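Let me begin by presenting the structure, written as structure tokens, before commenting on it.
Along the sequence shown, residues are numbered consecutively beginning with 1. All of these numbers come straight from a predicted model, not from anything done at the bench.
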Amino acid sequence: MIKAILIFNNHGKPRLSKFYEHYTEDTEQQIIRETFHLVSKRDENVCNFLEGGMLIGGSDYKLIYRHYATLYFVFCVDSSESELGILDLIQVFVETLDKCFENVCELDLIFHVDKVHNILAEMVMGGMVLETNMNEIITQVDAQNKMEKSEAGIAGAPARAVSAVKNMNLPEMPRNINIGDISIKVPNLPSFK
């Protein structure tokens with residue numbers, strides 16, 4: 001099972017942290033610092049697996065990571081997970097981010113954190129791997145984006161209607177509104193301005 005997914009830059013600044021077990025915020029910050037120190041001090045040409053830090057569970061857990069440009073992608077997992085399977089999952093995650101953001105960079109993770117969490121939620125939920133097919137993940141993320149755009153149009157409609165009414169230059173409030181065969185009597189309302 002996946003215990004946590006962490007992404008931080010070369011300076012240890014967290015860009016994404018997702019914990020699948022409850023920790024206090026202070027403990028989470030300590031885990032991020034400890035994980036960064038364990039991973040960042042390793043040479044580039046060594047294996048990408050190591051024992052978890054004391055805060056994340058010690059030798060019962062493994063840290064599996066990849067270092068891409070300025071970012072470390074770290075998965076904290078228990079002994080039931082395959083190291084190579086998790087490395088492949090990290091690769092799928094990075095390639096999916098790359099397709100969604102067209103050459104993903106650290107700024108994309110900062111300014112589009114909600115989209116990154118949506119992509120991650122399509123892949124991992126509750127510490128269990130749901131999907132590893134990049135095309136399926138992208139299809140689901142695109143569907144979410146379309147739904148958000150359509151809901152934004154609906155949610156913004158009342159505000160646009162109020163704004164349009166406020167900007168109308170009516171000398172006085174109309175008493176009757178006729179639209180085709182429909183006639184509407186307007187009650188006495190306070191002024192919009």
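- Between the side chain of Arg42 and the backbone N or O of Cys47, at least one donor-acceptor pair lies under 3.5 Å.
- Looking only at side-chain heavy atoms (C-beta outward), Ile64 and Val74 stay at 4.5 Å or farther from each other.
- Taking 4.5 Å as the limit, every side-chain heavy atom of Leu6 sits out of range of all side-chain heavy atoms of Leu16.
- Annotation: the span from Glu122 atom CD to Asn133 atom CG amounts to 12.0 Å, rounded to 0.5 Å.
- Considering Ile5, Thr132, Leu130, Val92 as possible partners of Met123, the one that fulfils the side chain to side chain contact (heavy atoms under 4.5 Å, CB included) test is Val92.
- Between Phe75 and Tyr65, the distance separating the two ring centers is not shorter than 6.0 angstrom.
- Counting heavy atoms from C-beta on, the side chains of Phe49 and Leu63 never come closer than 4.5 Å.
- In this structure, the separation between OG1 on Thr139 and CG on Asn135 is 6.5 Å, given to the nearest 0.5 Å.
- Residues Asp98 and Val104 share a closest heavy-atom pair of OD1-N, 2.9 Å.
- Put simply, CD1 on Ile2 and CD on Glu21 are 12.0 Å apart, with the number rounded to the nearest 0.5 Å.
- Minimum heavy-atom separation, Leu89 to Glu131: CD1-O, 4.3 Å.
- Residue Met128 is not grouped with residue Phe93 when hydrophobic side chains (ILVMFWY) are merged at heavy-atom distances under 4.5 angstrom, including chains of intermediate members.
- No path of Ile, Leu, Val, Met, Phe, Trp and Tyr side chains, each step under 4.5 Å between heavy atoms, connects Phe36 with Leu109, placing them in separate hydrophobic clusters.
- Using modelled atom types, one side-chain atom of Asp78 and one backbone atom of Met1 make a donor-acceptor pair closer than 3.5 Å.
- From Asn103, atom CG reaches atom CG of Leu97 across 12.0 Å, with rounding to the nearest 0.5 Å.
- With hydrogens and angles disregarded, a donor-acceptor distance shorter than 3.5 Å links the side chain of Asp108 to the backbone of Cys105.
- Here the side chains of Ile7 and Pro14 are not in contact, with every heavy-atom distance at 4.5 Å or above.
- We find that Lys62 and Glu81 are not joined by a salt bridge, their nearest charged nitrogen and carboxylate oxygen being 4.0 Å or further apart.
- His67 places a side-chain N or O within donor-acceptor distance of the main-chain N or O of Ala69, the cut-off being under 3.5 Å.
- Tracing side-chain contacts under 4.5 Å through hydrophobic residues (I, L, V, M, F, W, Y), one reaches Leu120 starting from Leu87; they form part of the same cluster.
- Distance CZ/Phe73 to CZ/Arg15: 12.0 Å, rounded to 0.5 Å.
- Once rounded to the nearest 0.5 Å, the distance linking CG of Asp142 with SG of Cys100 reads 6.5 Å.
- With hydrogens and angles ignored, the 3.5 Å screen pairs a side-chain donor or acceptor of Thr35 with a backbone N or O of Ile31.
- In this structure the side chain of Ser40 never reaches within 4.5 angstrom of the side chain of Asn10, judged on heavy atoms.
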As a quick check of understanding, evaluate side chain to side chain contact (heavy atoms under 4.5 Å, CB included) for Leu71 and Glu106, giving each step before the final call.
CA-CA 7 Å; Leu71 295 170; Glu106 189 174 345; 3.9 Å; yes

Run the side chain to side chain contact (heavy atoms under 4.5 Å, CB included) check on Lys18 and Tyr20 step by step: do they pass?
CA-CA 7 Å; Lys18 181 70 176 168; Tyr20 296 101; 3.4 Å; yes

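- Put simply, Leu50 and Val77 are part of two different groups of oily side chains (I, L, V, M, F, W, Y) that touch within less than 4.5 Å, one to the next.
- Within the cation-pi definition used here (under 6.0 Å to the ring centroid, within 45° of the axis), Lys3 qualifies as a partner of Tyr61.
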Could you go through the side chain to side chain contact (heavy atoms under 4.5 Å, CB included) check for Asn118 and Glu148 one step at a time?
CA-CA 12 Å; Asn118 287 342; Glu148 286 174 5; 3.8 Å; yes

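- Clustering ILVMFWY residues whenever any of their side-chain heavy atoms sit less than 4.5 angstrom apart, transitively, puts Leu38 in a cluster other than the one holding Ile90.
- Within the 3.5 Å criterion, the main-chain N or O of Thr70 finds no donor-acceptor partner in the side chain of Asn9.
- Two residues are said to be in side-chain contact when any heavy atoms from C-beta on lie closer than 4.5 Å; Tyr68 and Gln91 meet this criterion.
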Intermediate values then yes/no, side chain to side chain contact (heavy atoms under 4.5 Å, CB included), Glu28 and Phe19:
CA-CA 8 Å; Glu28 286 180 2; Phe19 289 87; 3.5 Å; yes

With side-chain hydrogen bond (donor to acceptor under 3.5 Å, both in side chains) as the criterion, how do Gln140 and Glu136 come out once you've worked through the C-alpha distance, each side chain's angles and the decisive distance to 0.1 Å?
CA-CA 6 Å; Gln140 294 302 321; Glu136 184 62 31; 3.1 Å; yes

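- Side-chain contact between Phe101 and Lys115 is present, with heavy atoms from C-beta onward closer than 4.5 Å.
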